[in-house]
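Here's the structure we're looking at; comments come further down.
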Amino acid sequence: MRIICLLFLFAAAIADETYIYKTEYLQTPVDHFSFTNNETFQLRYLINDTFWRNGGPIFFYTGNEGDITMFAQNTGFMWELGQQLDAMVIFAEHRYYGKSMPFGDKSYAEPKYLGYLTSTQALADYVYLLDFIQKSYKKEPTRIPVIAFGGSYGGMLAAWLRQKYSYAVDGAVASSAPIYQFQGLTDCTAFNNIVSKVYKVSSQNAVRNIKKSWSVIKNITGNDEGKLWLSKEWKLCKPLNSSQDITDLTEALEELYGNIAMINYNYPTNFLAPVPANPVQALCDRIDQSNLDGKDLLTALGKAISIYTNYTGAVKCLDFNSTAGSLGINGWDFQACTEMVMPMCTNLSNEMFEPSAWDFKKTVDDCYKKFGVRITRDDLAILAYGGKEAEYSNLIFTNGLLDPWSSGGVLKSNTRSVYAIIIPDGAHHLDLRSSNSKDRSSVISARENIRNIIQIWLKLYKQTYN
Ligand SMILES: *[C@@H]1O[C@H](CO)[C@@H](O)[C@H](O)[C@H]1NC(C)=O
Ligand SMILES: *[C@@H]1O[C@H](CO)[C@@H](O)[C@H](O)[C@H]1NC(C)=O
Ligand SMILES: *[C@@H]1O[C@H](CO)[C@@H](O)[C@H](O)[C@H]1NC(C)=O
Ligand SMILES: *[C@@H]1O[C@H](CO)[C@@H](O)[C@H](O)[C@H]1NC(C)=O
Ligand SMILES: *[C@@H]1O[C@H](CO)[C@@H](O)[C@H](O)[C@H]1NC(C)=O
Ligand SMILES: *[C@@H]1O[C@H](CO)[C@@H](O)[C@H](O)[C@H]1NC(C)=O
Ligand SMILES: *[C@@H]1O[C@H](CO)[C@@H](O)[C@H](O)[C@H]1NC(C)=O
């Protein structure tokens, strides 16, 4: 079963640098929870205090699984709002990603080094950093109020940081944060059902063709001649040679469909590669025929996926490893093998994928082969953070309903001071992106809501402490 990377899109190099900051490092303990390991490492963070004034807050991005500079460049909303609200803006890098390697080049080499890659250690890094910032900057006896922000896994961390360390963080904005995507909290079919729904809105034919393609791929690649044909037709960098290669290919395709749904924004974006506006529609348009079958179907499908894999036309050969985003992927795989096990499956009702069961035992075995660690229970994140029993306050959860990850998101709230903001036509953490002339009213009003709520929190903070 494939492991879906939450934020693959940040794993790519960003060409244009819009936002400016100072890069700093803080010496941070490798292990916050024992007194038997006194090693430290340099945690990277990006800071801009130029607009911080009048007792303004700290806006603190809880970095997720990738190089933090990419999050800084892709979270324009935080910069725009920060300037309006006189905030100091900080982006903290998640340990084991980017330049924040606890054991340098050895960090990923052995389980004894990689074992400190956990969300609980990362949260402890963030409070450690916030404590340092408070001590360095505050002028008055009271603290500087802190609002945490994060998208996707970073959104989960923002919510958990507020939950676990409420003394250090006064409120949090958790965008597209699937904190319920864990064993027993969300049906394992939910994510893939949303993927199918998103494609179906664009084209019923396309959905039927994709569903048909799984058996066609198996059929055609059943012999050497067919393997050779498809390798040539799709210009694969590494020709298909074994049944494992076919499995890898179909898993990469499944992942790709989900990824395109996540970045299904209504204006062109440029993460891994340039992608047109409404990429799902663009893909579906190329397979929007009812009579496609056999090699014709696979030829058309190759052209369809190229809106994502080769939109510029500059890609010489197709390597699904690189389209998935290479940087940081290993780290997320390890997390998904340990604390962050997210059951995913499809059943017969799914309109786009073949049925495939969730198999915890196989996941554990694969993880052991890959990383040399073996977990014994599938609910460690629930144990750590409480799942649906968790109590929150001063939290904003935002979700786009066209985002597959909304499957595990918090879509309603009965608690005062916990808000669930829905963007019906939004993809993955659309609200955190910078404003765009193409923005629809749904995301514009979501951002206004967020601003109003944060202003209320800050006002209450002032009333309490001044
Ligand atoms: C903060 O951002 C502003 C606007 O881009 C820029 O002018 C300023 O130099 C930045 N400050 C720091 C400390 O990088
Ligand atoms: C870290 O622990 C080792 C072994 O216990 C000790 O020799 C060393 O002085 C300690 N280093 C620091 C910076 O405390
Ligand atoms: C593919 O399907 C066709 C028609 O259904 C069948 O004749 C052929 O044997 C199949 N090929 C393989 C390799 O399974
Ligand atoms: C697969 O690899 C083997 C060994 O290198 C080779 O003999 C065979 O022709 C290859 N098959 C295909 C379909 O490329
Ligand atoms: C993709 O990565 C896998 C695992 O690291 C590797 O076995 C495979 O050869 C890679 N494929 C290509 C085309 O580089
Ligand atoms: C990418 O597109 C260009 C231009 O259409 C084409 O020449 C090239 O073969 C394509 N690459 C792949 C891997 O399909
Ligand atoms: C598929 O799973 C959903 C959600 O659990 C369930 O409602 C539906 O009945 C299942 N369909 C089949 C054919 O198993």
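Only heavy atoms go into these numbers, but all of them, side chains included; no hydrogens, no water, no symmetry mates. For ligands, and for the atoms within them, numbers begin at 1 and follow the listed sequence.
- Contact annotation for C317 and ligand 6: only backbone heavy atoms (N, CA, C, O) come within less than 4.0 Å of the ligand.
- Ring-centre distance between W332 and Y97: not below the 6.0 Å cut-off.
- Heavy-atom contacts of L318 reach the following atoms of ligand 6: 13 (C) (cutoff under 4.0 Å).
- Side-chain polar atoms of N223 and E225 form no donor-acceptor pair below 3.5 angstrom.
- The ligand atoms of ligand 7 that sit less than 4.0 angstrom from a heavy atom of D187 are 4 (C), 5 (O).
- Ring centroid separation for the pair F71 and F91 does not come in under the 6.0 Å cut-off.
- Remark: the Q181 side chain and the S407 side chain contain an N/O donor-acceptor pair separated by less than 3.5 Å.
- Looking only at atom types and distance, the side chain of Y21 has no donor-acceptor partner in the side chain of T69 under 3.5 Å away.
- Ligand-side atoms of ligand 7 in range of L348: 13 (C), range being under 4.0 angstrom from any heavy atom.
- No side-chain donor-acceptor contact under 3.5 Å links T346 and T189.
- The S349 neighbourhood of ligand 7 comprises atoms 1 (C), 8 (C), 10 (C), 11 (N), 12 (C), 13 (C), with distances under 4.0 Å to a heavy atom of that residue.
- Residue-level contacts of ligand 2 at the 4.0 Å heavy-atom threshold are N38.
- Heavy-atom proximity to G313, at under 4.0 Å, picks out these atoms of ligand 6: 1 (C), 2 (O), 3 (C), 4 (C).
- Shown in contact with K316 at under 4.0 Å from a heavy atom are these atoms of ligand 6, numbered in order with element: 13 (C).
- Judged purely by distance below 3.5 Å, without hydrogens or angles, the side chains of Y153 and Q335 pair a donor atom with an acceptor atom.
- A cation-pi arrangement is absent between R95 and Y116 under the rule of less than 6.0 angstrom and at most 45 degrees off the ring axis.
- In the vicinity of V315, heavy-atom distances shorter than 4.0 Å reach the ligand 6 atoms 1 (C), 8 (C), 10 (C), 11 (N), 12 (C), 13 (C).
- Numbered from 1 in the order shown, with element, the atoms of ligand 6 that lie under 4.0 Å from a heavy atom of K235 read 9 (O), 12 (C), 13 (C), 14 (O).
- Every atom of ligand 6 is numbered from 1 in the order shown, and the set under 4.0 Å from a heavy atom of N310 is 1 (C), 2 (O), 3 (C), 8 (C), 10 (C), 11 (N), 12 (C), 14 (O).
- H94 and N64 share no donor-acceptor pair across their side chains, judged by distance under 3.5 Å alone.
- The ligand atoms of ligand 7 that sit less than 4.0 angstrom from a heavy atom of T189 are 2 (O), 4 (C).
- Side chain to side chain, D125 and Q121 fail the donor-acceptor criterion of an N or O pair below 3.5 Å.
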Kindly list each side-chain donor-acceptor pair under 3.5 angstrom involving residues 207-214, sequence neighbours excluded, with atom names and distances?
| residue | atom | partner | partner atom | Å |
| --- | --- | --- | --- | --- |
| R208 | NH2 | N205 | OD1 | 3.3 |
| N209 | ND2 | N205 | O | 3.3 |
| N209 | ND2 | I287 | O | 2.7 |
| N209 | ND2 | Q289 | O | 2.9 |
| K211 | NZ | N350 | O | 2.5 |
| K211 | NZ | F353 | O | 3.0 |
| K212 | NZ | L292 | O | 2.6 |
| S213 | OG | I210 | O | 2.6 |
| W214 | NE1 | I210 | O | 3.3 |
| W214 | NE1 | M352 | O | 2.7 |

